[in-house]
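The structure presented is a predicted model; accordingly, all values stated were derived computationally and were not measured. Just so it is clear, the values below take in all heavy atoms, side chains as well, and ignore hydrogens, waters and symmetry mates. In what follows, chains carry the letters A, B, and so on, assigned in the order in which the sequence lines appear, proteins first and then strands, with residues in each chain numbered from 1.
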There are 2 protein chains.
Amino acid sequence: MLMVAWPPPSDTKHFWRIIVSNANQTTVIQYVLARLKEEGVGDIFGVPGDYVYPVLDGILADPDIEWRGNCNELNAGYAADGYSRIRGLGVFACTYGSELGAHLALAGSYGESTTTLMLTGFPSTQQQASGQVFHHMLGNHDYDLFNKMAEPLSAAHAIITAENCVTEFERVLAAMKYHKRPGVLAFQFDDVHKPLASTEIPADIPLRNPVSDPEALAEAVDHIVDELSSAKTVGAVAGIAVQRKKLRVETEALLNATGIPYATPFQDKTALYETHDGFMGTWCGKFGNLPVEEYLLSCDKVLAFGYELHYFNAGFFTTGLDFANRMIDIRDHSVRIGETVYDHVEMKDVLQALTTRLPKWDGLNAPSKLTPFTEAGGSGDDPISTGFPFYKRLEQFLKPDDILVIDPSSPVLAGSFVNMPEGVDYISQALAASIGFGTPAALGAAVAAPERRVVMLGGEGAHQLTAQEIGQFYKFGVKPVFIIINNDGYLVERYTCKDPESSFNDLPKWQYHKLPEVFGCEDWYCARVETTGDMDAALDKVNSGEQAAYLELICDRYDMPPMSEAMFNLTRPKFGQTITWDEWKSEFDKGHNIATL
Amino acid sequence: MLMVAWPPPSDTKHFWRIIVSNANQTTVIQYVLARLKEEGVGDIFGVPGDYVYPVLDGILADPDIEWRGNCNELNAGYAADGYSRIRGLGVFACTYGSELGAHLALAGSYGESTTTLMLTGFPSTQQQASGQVFHHMLGNHDYDLFNKMAEPLSAAHAIITAENCVTEFERVLAAMKYHKRPGVLAFQFDDVHKPLASTEIPADIPLRNPVSDPEALAEAVDHIVDELSSAKTVGAVAGIAVQRKKLRVETEALLNATGIPYATPFQDKTALYETHDGFMGTWCGKFGNLPVEEYLLSCDKVLAFGYELHYFNAGFFTTGLDFANRMIDIRDHSVRIGETVYDHVEMKDVLQALTTRLPKWDGLNAPSKLTPFTEAGGSGDDPISTGFPFYKRLEQFLKPDDILVIDPSSPVLAGSFVNMPEGVDYISQALAASIGFGTPAALGAAVAAPERRVVMLGGEGAHQLTAQEIGQFYKFGVKPVFIIINNDGYLVERYTCKDPESSFNDLPKWQYHKLPEVFGCEDWYCARVETTGDMDAALDKVNSGEQAAYLELICDRYDMPPMSEAMFNLTRPKFGQTITWDEWKSEFDKGHNIATL
């Protein structure tokens, strides 16, 4: 047992009292908020708590930042993630200790390369000096434990004081932007409203203004030009870094100048908008849009912009692409060609150089804007099918500039193949794949762009994790469209586990379409929809108006999109049985006989 | 960029296929479940996911363990915590990566000294060997990152394989029980259904069977007896270790034999049942039940059983007790007297030895079974007051053997002073103090003891964090009583922040009493209650039947229990102003003039 002083130092008990010594100088929180506004932040999500009061007081005192309270910390983190997808940076605040509730959201942001910033409270200097144990602690005396725990989930983290504020804030923000990762700032309680010790940004903040090494850049570009000089067939893959790094213009300029067709991997949908002439479709190995896979396999070289190689982005490892020898890997700050890596080479510089250096390819026989969803089909009393009929309707339902959020649940597998109108941003979470991300992320996106329509599509099992956030849409005056697929259980689990009828796939039977009313949303159009005809009428009604909507689509227990069905056939384990890779491919081909998928 | 083999090893893609090589031998999961049953576990909470399928399949295959699915990982962790409060061990399962969603629950268990065990999935040996990035990962290759992150939140954690299962399971469980802390077991996917490499429990599992060092025990007991020999006035403090270590019988025997009166600190309520003759009341320094504080200050010596010194347990640091010189600190595995510490001394042995060695004190002028709630008051159309009127009614409402769960929200401050009938267990979360703990914890407690009535009391702001778990009560066939105080905002925040009307204290306006219906609960008695008369009628109706119930009590925006009001007067900061400890005490006395509080 640690011996502590008793009684504690005289000021320990009123740690929440703050001395503002000079109101005319910029304070810690004023500086941070001013910088966040420069980065495009106009809203901060979160959950209040006493350690973080000074931060919240600062937010409320700023007329140009809106406080957007959430039901819990996880939802706040997801909302900030959704906001960051649209604005480039999303921020949420929560109190000391309770910040652990948002760690799953930080992990999601990390995997999705989004810059989500968590602001938390931190014990005062008096509290720390007392050696006492306060609430929200674990009972030990590691005041900085929670901040340290954020280490693997963030590009950088810091405990902010009046002395270090400028340097540490800029260090964390620069690292977040450089790595496209979350950051964490814990604000020492008594320093939040103190004037800054210095307002000058040091010249040597690491990663703050990355520039290409001219020699490495020249060598890398030469090498790429050389590699492509003999390539008859060329393709490109646009990874999410293009959107995250705000390089859509530069990337499109390169593609326009060279005529190189491109695909977007599963996780990276809408990295470039899908109405571009060169867009082939979503690439997911042999799992879907097979002509895209075939075209890329036929290429002598494939240019990749920020492509991440993992389970989903490799079509569940079904792609046959020879990454090592065919892919020219242009990353945020480096280029890899075969075993040669050029560091200190910025993607923007490479894109711009290649635009002037590369020739134009003509007559490349690439597919264009592939969609597997050929016919809507069904009508009247037909049961709702979330195969082709629903997804074709979704393609027709979407309007330019919509934001489509798909909860990582059964619709994500088919939804990533839906062709998008101009300007549609697609938001999901392929890698971290945490069910429940969708609802709060949609909230964040809606707040980020209140002039755009947000459509949130998801399965009801995933929805249950975070559904209580629905009330916030109404509270914040945004009007989403929810489409919830209710098939009475965790459908992805049903088609991937040993026994689909395992009781762990069963859910409490909610009346989903009544959720908005109970959560306080007035004047929403809410409906429980059971037939194709009613679905058509409901989608028409939503699309012809401006009303917020919540459609609960009742589907058969095993109704699923064709891609999900393929995955089901391929991957549902037969307990105690093992198959080889060749058998797997053969089984895949059997179960997956729609050539365009 | 890490270079990885491509294509991946042939078995990487079907990591979920398992070979059971010998069905006649005990498998990993069979061993773990058998051991958990020996520890009193009959239910496992959680959320399914593919990495954890083999674990879940094992659970479903065991006829003596029920799967209890939750809406999300945080709720699952809280439910397991609630279960552990009643059964001594609570278990939940969730999938790899998503386990981060439960870290806040682990932190709560850590602070509350509960043994909550998280079972998670872990990539297969094939996946690990492939070096590939799979879903639920961060995009890097640290397969064991999440397991390592649980380090500070657990007594021990392990990755379980067929080779290490027995040793590692026993090591983790022993550490959990020794330290009264959570544990984490991640199950390597392909090993879950393999036969154990060995079924023998090694003799040298650390911490497994702690025994007192005879010499240290004798010295410690002699020292205590010597200290108390000249003590004219003695008191005791029963910490939660008494309940967690199942030492109620031994502690009561000591108190009966010696006549020493005892109090329970704020966090430790019902460590001993409150109908015991020697029970003085809840001790919370000068914050409440002042005669308890006065009696303890008057004692020459105070025996403490597992007392933890922190913010709440020291009455927000208002107690004047001279811990260093007056308290004899009997802890789980040690005794501290002044600056002397005796290690390797088990609390049970000390209790039993003292019972035979100490004299009986007569004529100690201690208070008995203090309650600040003297009069119920109010009737008819009177607005509902959550001051004395409500809490006196709560005392009258509770029945023997009820389980009272109070969400860490405004009612926790007054609720901890409510006098409990025989056998009532009180569950809250004072130290970690995470709002939203209550609803899932109540679920866990109800599942742990379906024959007992669970009353869950909380504020509506806290309720919003985890309210979706209500549907599980109906699904699992348990019948709780919810009492939700709706005062239109975060009340604790209103009375502790700078400006009570700060917009961060506002909430979406839910129709709380309709939640059970929407979450699928049939035949519940649900009511929105606005007057004292209606509250009396509703409480009577609940108490005269067996129906599950959900009462939404509509209270004035600033209606609060007297203890909360005192805290409000004392601690609400006046921005830019600071006061001394003496001023604080003076202000306390002014604002806090109810002598019995």
Can you tell me which portion of [X] sits under 4.5 Å from chain A's heavy atoms? Options are side chain, backbone, both or neither.
X         : value
Met137(B) : backbone
Thr466(B) : backbone
Tyr490(B) : side chain
Asn140(B) : side chain
Leu60(B)  : side chain
Gln468(B) : both
Leu145(B) : side chain
Glu99(B)  : neither

Most chain A-contacting option - heavy-atom pairs closer than 4.5 Å, from [options]:
options                         : result
Leu100(B), Leu507(B), Leu465(B) : Leu465(B)
Ser98(B), Gly139(B), Ser434(B)  : Ser98(B)
Glu308(B), Gln511(B), Gln472(B) : Gln511(B)
Glu469(B), Glu493(B), His310(B) : Glu493(B)
Ser334(B), Pro152(B), Gly97(B)  : Pro152(B)
Trp67(B), Tyr110(B), Phe504(B)  : Phe504(B)

Legend entry - Interchain contact, Glu517(A) with chain B, by part (heavy-atom threshold 4.5 Å): both
Legend entry - Stepwise side chain to side chain donor-acceptor pair (under 3.5 Å) test for Ser502(B) and Tyr53(A): CA-CA 10 Å; Ser502(B) 295; Tyr53(A) 284 156; over 6 Å; no
Top contributor to chain B interface from [options] [non-hydrogen pairs under 4.5 Å]:
options                                    : result
Gly111(A), Cys71(A), Gly520(A), Gly49(A)   : Cys71(A)
Leu431(A), Ile435(A), Asn72(A)             : Leu431(A)
Ser503(A), Gly69(A), Gly461(A)             : Ser503(A)
Leu153(A), Asp142(A), Asn505(A), Ile59(A)  : Leu153(A)
Phe476(A), Trp510(A), Phe146(A), Tyr512(A) : Trp510(A)

Inset, instruction - Test His103(A) against Met149(B) for side-chain contact (heavy atoms from CB on, under 4.5 Å), laying out the working first. - result: CA-CA 11 Å; His103(A) 273 194; Met149(B) 285 184 69; 4.2 Å; yes
Inset, instruction - Output, in order, the C-alpha distance, side-chain angles, deciding distance and verdict of side-chain contact (heavy atoms from CB on, under 4.5 Å) for Leu309(B) and Val133(A). - result: CA-CA 7 Å; Leu309(B) 170 56; Val133(A) 177; over 6 Å; no
Inset, instruction - Using the six-membered ring wherever Trp is involved, compare the ring planes of His135(B) and Phe312(A) and label them parallel, tilted or perpendicular (cut-offs 30° and 60°). - result: perpendicular
Inset, instruction - Could you grab the distance from atom CZ of Phe519(B) to atom CD of Gln464(A), nearest 0.5 Å is fine? - result: 8.0 Å
Legend entry - Test item: His136(B) side-chain N/O and Ala432(A) main-chain N/O as donor-acceptor pair under 3.5 Å: yes
